[in-house]
Engineer: 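Take this structure, written in structure tokens, and hold onto it; I'll ask about it next.
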Amino acid sequence: MSAPIDATSTEAWTALAVRAEDFQPDLRAWFDLDRDRVNKMSLAAGDLHVDLSKNLVDDDLLATLVSLAEQVQLTERRDAMFAGAHINATEDRAVLHTALRKPQGEHLDVDGEDVEVGVHEVLHKMYAFADQVRSGEWTGVTGQRIRTVVNIGIGGSDLGPVMAYEALKPYVHPEIECRFISNIDPTDSAQTVAGLDPATTLFIVASKTFGTLETLTNARLCRTWLLDALRRAGAIGDDDAATADAVAKHFVAVSTALEKVADFGIDPENAFGFWDWVGGRYSVDSAIGTSLCVAIGPERFAEFLDGFHTLDEHFRTTPLAQNVPALMGLINVWYVNFLGAETHAVLPYAQYLHRFPAYLQQLTMESNGKGVRWDGSEVTTDTGEVFWGEPGTNGQHAFYQLIHQGTRLIPADFIAVANPAHPLKDGEIDVHELFLANFFAQTKALAFGKTADEVRAEGTDEATVPARVFTGNRPTTSIMAAELSPAALGQLIALYEHITFTQGVVWGIDSFDQWGVELGKKLAQEVTPAVGGDEAALAAQDRSTQSLIGFYRANRR
Ligand code: F6P
């Protein structure tokens, strides 16, 4: 693996720094002077219409950002990723989520093996399973069909499936509900199984490593809940054979560690594999999406994968100057490294996308929250910004004040679809149009603001004029699709995967490892005995931790 190119030593970086010194964005003037700005900066990526025109960039800046991408060899690294090179340097792995969505019949030889063969074998197995559950052919121990699928997983083994399930609710089988357990807080499993009929419930234990404390603990809690409830109902006996049969009919697993799945008591026949070259946060399109596949069915799941592939092809083949994920990633670099942005808002105007910001938080921040580069050297500039967001219009009545008038620069992505899932009317008024009017109005207000003279012209008392001025020049990207279909969702997710990749390449970091989550996991293991009353373990803790555990122990009933 070649050493990363230090972006800050490139000519393009220097040019950007010079530009940033006296940068006075003026979107009003830029729109007036360049009548073609919107046309030039509105690009298609698959079915997504992406309007970059309200960003704080002009033609020159965009060209310089593209030069930066060339100078850090973005396309070379992109091609290495698609080809299966081990670009995840610290784990010595290929990074091949893009291989999960290649159409059947395509080939990809990696480390001497055609990975597409395995990908499509697992997909077929998953599709057959989904069909069995959806048709009612798969039954629980009492012979009843499955009505609730509970996905047990955390991080990438939860956030993707739950986000996509919520996003695609209109496509969900009417007789099947999915629920999701992730947190080791026992409230999560207790609340999620409350009211469920064990005879019609199927658990999917989703864990890439099958070693994650939260997931295995929750899986055991659910196994106990299932067996106890079935026994109480007289549906199964106490013997080992009855237990094994119940687990086999009510538990399946998704993992790269199939031997650990067997140790848990799940029949390997009922396990769906994937590979170490799929990062957890890039895995919703692998067997980790089994719950989603059961919910929406194989045909829709295949459309979801096609959506990803469409964006992959866009990213892989489109020249950088029209390459939407590359440009969005580069514009983010401009904001983070030159204009001082520390956060980035993602604001879906689509209630069904309400978990999308949470999903993106893992994708972007676990990927690019790094302080060293892929060769172990320190980064030379700031890296990953904080991603956050909530659906509109709720956010408008909460935190938009700060985006409109606060002192910080907060670039924001607005996402909307033309066709609502529920085309309701309030009298004569189309409510989706009311909703989208807010989307259009917000991006307009953020870009063009309101001057003091405009405020005065409304007859505002002079003393309150300053408080009612909107500076404008608050950057947004608008992303629209015709509808929130499985394909559009796949495209949207892949768009952000490649934005994240682009930023990671500029910063020279390995966007595919996540060592930063390990220390806390290890310390939790060391702290656990202290919490349980082991005095020696308690004495080994720092004073603050001892004091907090002391409070816990004194107050625990
Ligand atoms: O702790 C972080 C992490 O490793 C994520 O990257 C991953 O998505 C999550 O935990 C769950 O891991 P697993 O699928 O192996 O249970």
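FYI, the numbering just counts along the sequence from 1. Order of listing sets the numbers, starting from 1, for every ligand and every atom in it.
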Engineer: Does any N or O of ligand 1 fall below 3.5 Å from an N or O anywhere on G156, backbone included?
Structural biologist: yes
Engineer: Could you tell me which atoms of ligand 1, counted from 1 in the order shown, lie closer than 4.0 angstrom to a heavy atom of K521?
Structural biologist: 1 (O), 2 (C), 4 (O)
Engineer: Which atoms from ligand 1 have a heavy atom of S157 less than 4.0 Å away?
Structural biologist: 13 (P), 14 (O)
Engineer: Under 4.0 Å, heavy atoms only, figure out whether ligand 1 is touched by the backbone of Q514, its side chain, both or neither.
Structural biologist: side chain
Engineer: Strictly under 6.0 Å, is that where the ring centroids of Y359 and Y496 end up?
Structural biologist: no
Engineer: Ignoring hydrogens and angles, state whether a donor on the side chain of T380 or D6 is under 3.5 Å from an acceptor on the partner side chain.
Structural biologist: yes
Engineer: Run down the list T209, I154, V205 and name the one with the heavy atom closest to atom 15 (O) of ligand 1.
Structural biologist: T209
Engineer: Could you check whether R355 makes a cation-pi contact with F180, meaning its NZ or CZ is under 6.0 Å from the centre of the six-membered ring and within 45° of the ring axis?
Structural biologist: no
Engineer: Going by atom types alone, do R231 and T243 pair a side-chain donor with an acceptor below 3.5 Å?
Structural biologist: yes
Engineer: If you measure only the distance, is there a donor-acceptor pair under 3.5 Å linking the side chains of N332 and Q503?
Structural biologist: yes
Engineer: Can an N or O of T215 be found at a distance shorter than 3.5 Å from an N or O of ligand 1?
Structural biologist: no
Engineer: Can you list the atoms of ligand 1 that are under 4.0 Å from a heavy atom of V517?
Structural biologist: 1 (O), 2 (C)
Engineer: Write out the residue and atom name of the closest protein heavy atom to atom 12 (O) of ligand 1, then the distance separating them to 0.1 Å.
Structural biologist: T212 OG1, 3.5 Å
Engineer: Please name the pair of heavy atoms, one in N151 and one in A206, separated by the smallest distance, quoted to 0.1 Å.
Structural biologist: OD1-CB, 3.7 Å
Engineer: For atom 5 (C) of ligand 1, which of K208, E366, E214 has the closest heavy atom?
Structural biologist: E366
Engineer: For ligand 1, which atoms, with element, lie under 4.0 Å from some heavy atom of Q362?
Structural biologist: 5 (C), 6 (O), 7 (C), 8 (O)
Engineer: Does the side chain of D312 pick up a donor-acceptor pair with the side chain of H97 at under 3.5 Å?
Structural biologist: no
